[in-house]
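Quick note: numbers below take in every heavy atom, side chains included, and nothing from hydrogens, waters or symmetry partners.
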Amino acid sequence: MLWFILVAAALIIGYAVLKYVRQQQYLKTLTSEQFREGYRKAQLIDVREPNEFKGGHILGARNIPVTQLKQRLQEIRPDKPVYLYCQNAARSTRAANILHKKGYKHLHQLQGGFKKWDGKIKKG
């Protein structure tokens, strides 16, 4: 029984590591400084919910919540880089996975999410 548990745990850990490594090939995680350098030439998407977006967001961002992303893909051009962020990077990772599966190539996310952002923001 213990042998079975150890094998199952090793398989789960191996799968998680493999998924992480594959994700690093298509999703670049950027510091605030790196994000600031590139997002003006890209599509800046806030994937948080509308109430979070209204509470404050990066200047120039569009709000497309990850919960609506599949229905709103036509709003995001596949030929331009996409810069994603959420509150702490969990939802932006999920959004990047969705976009990657739909053929989007140049995906970036803000390290630590909006709570780590030190640039200009807009409220409302």
Side-chain angles (χ1 to χ4, degrees):
M1 182 68 171
L2 179 60
W3 180 82
F4 177 77
I5 294 171
L6 291 173
V7 169
L11 287 173
I12 291 169
I13 291 169
Y15 175 76
V17 169
L18 180 64
K19 188 174 178 181
Y20 175 79
V21 168
R22 287 188 64 207
Q23 185 180 72
Q24 298 307 304
Q25 294 172 350
Y26 65 84
L27 176 61
K28 291 185 174 60
T29 301
L30 306 174
T31 64
S32 285
E33 184 179 322
Q34 293 168 322
F35 199 82
R36 197 173 13 262
E37 288 172 5
Y39 81 81
R40 287 186 185 90
K41 299 175 197 129
Q43 302 169 92
L44 179 60
I45 312 291
D46 183 325
V47 298
R48 299 176 301 158
E49 292 300 314
N51 61 323
E52 295 173 285
F53 184 80
K54 288 177 188 163
H57 57 272
I58 297 175
L59 195 61
R62 283 186 291 156
N63 184 219
I64 303 177
V66 71
T67 55
Q68 300 173 14
L69 189 60
K70 288 180 183 175
Q71 294 80 22
R72 297 178 61 185
L73 283 175
Q74 72 280 0
E75 297 177 41
I76 305 171
R77 290 178 48 179
D79 61 324
K80 287 187 73 179
V82 180
Y83 277 55
L84 303 162
Y85 73 93
C86 61
Q87 195 62 26
N88 60 18
R91 287 176 282 182
S92 59
T93 299
R94 199 165 70 215
N97 289 335
I98 292 167
L99 293 171
H100 174 70
K101 287 177 183 172
K102 296 295 183 181
Y104 290 77
K105 302 269 188 248
H106 305 286
L107 302 170
H108 306 79
Q109 75 172 345
L110 177 60
Q111 184 178 41
F114 185 70
K115 68 181 184 180
K116 298 287 185 178
W117 179 249
D118 59 1
K120 292 183 182 180
I121 63 168
K122 180 178 181 180
K123 294 213 180 212

If you compare all heavy atoms of Cys86 against all heavy atoms of Ser92, which two are closest, and at what distance to 0.1 Å? SG-N, 3.3 Å
Charged N-O contact under 4.0 Å between Glu33 and Arg36: no
Between His57 and Phe53, is there a donor-acceptor pair closer than 3.5 Å when you use the side chain of the first and the backbone of the second? yes
Shortest non-hydrogen pair, Ala61 vs Asp46, comes out as CB-CB, 4.3 Å
Looking just at side-chain N and O atoms, do Gln111 and Ser32 make a donor-acceptor pair shorter than 3.5 Å? no
For Leu84 and Leu110: C-alpha separation, side-chain torsions, deciding distance, then whether side-chain contact (heavy atoms from CB on, under 4.5 Å) applies. CA-CA 7 Å; Leu84 303 162; Leu110 177 60; over 6 Å; no
Side-chain contact, heavy-atom cut-off 4.5 Å: Phe114 with Ile121? yes
Does a side-chain heavy-atom distance below 4.5 Å link Tyr39 with Ile58? yes
Within the structure provided, determine whether Asn63 and Pro50 are in side-chain contact (heavy-atom separation under 4.5 Å). yes
Would you say NZ of Lys54 has more than 12 non-hydrogen atoms from neighbouring residues, nucleotides or ligands within 6.0 angstrom? no
Chi angles and distances behind the side-chain contact (heavy atoms from CB on, under 4.5 Å) call for Val47, Ile64: CA-CA 5 Å; Val47 298; Ile64 303 177; 5.6 Å; no
Spatial distance of atom NE2 (His100) from atom OG1 (Thr93) [nearest 0.5 Å]: 13.5 Å
Go through the steps to decide whether Ile76 and Leu69 satisfy the test side-chain contact (heavy atoms from CB on, under 4.5 Å), and finish with yes or no. CA-CA 9 Å; Ile76 305 171; Leu69 189 60; 3.6 Å; yes
Tell me, do Gln109 and Leu30 make a side-chain contact under 4.5 Å, heavy atoms counted? no
Using side chain to side chain contact (heavy atoms under 4.5 Å, CB included) as the criterion, list what pairs up with Lys116, not counting sequence neighbours. none
Side chains of Val82 and His106: closer than 4.5 Å at any heavy-atom pair? no
Please state whether the rings of Tyr83 and His108 are parallel, tilted or perpendicular, taking 30° and 60° as the class boundaries. parallel
Give me the atom names and distance for the closest heavy-atom approach of Lys102 to Leu73. CG-CD1, 3.5 Å
Is there a chain of hydrophobic side chains (I, L, V, M, F, W, Y, each step under 4.5 Å between heavy atoms) that links Leu27 to Tyr85? no
Approximate separation, where rounding is to 0.5 Å, of Leu99 CG and Arg94 CZ: 12.5 Å
Below 4.5 Å, heavy atoms only, C-beta onward: do Arg91 and Pro65 meet side chain to side chain? no
Might you work through the side-chain contact (heavy atoms from CB on, under 4.5 Å) test for Arg62 and Gln43, ending with a clear yes or no? CA-CA 8 Å; Arg62 283 186 291 156; Gln43 302 169 92; 3.7 Å; yes
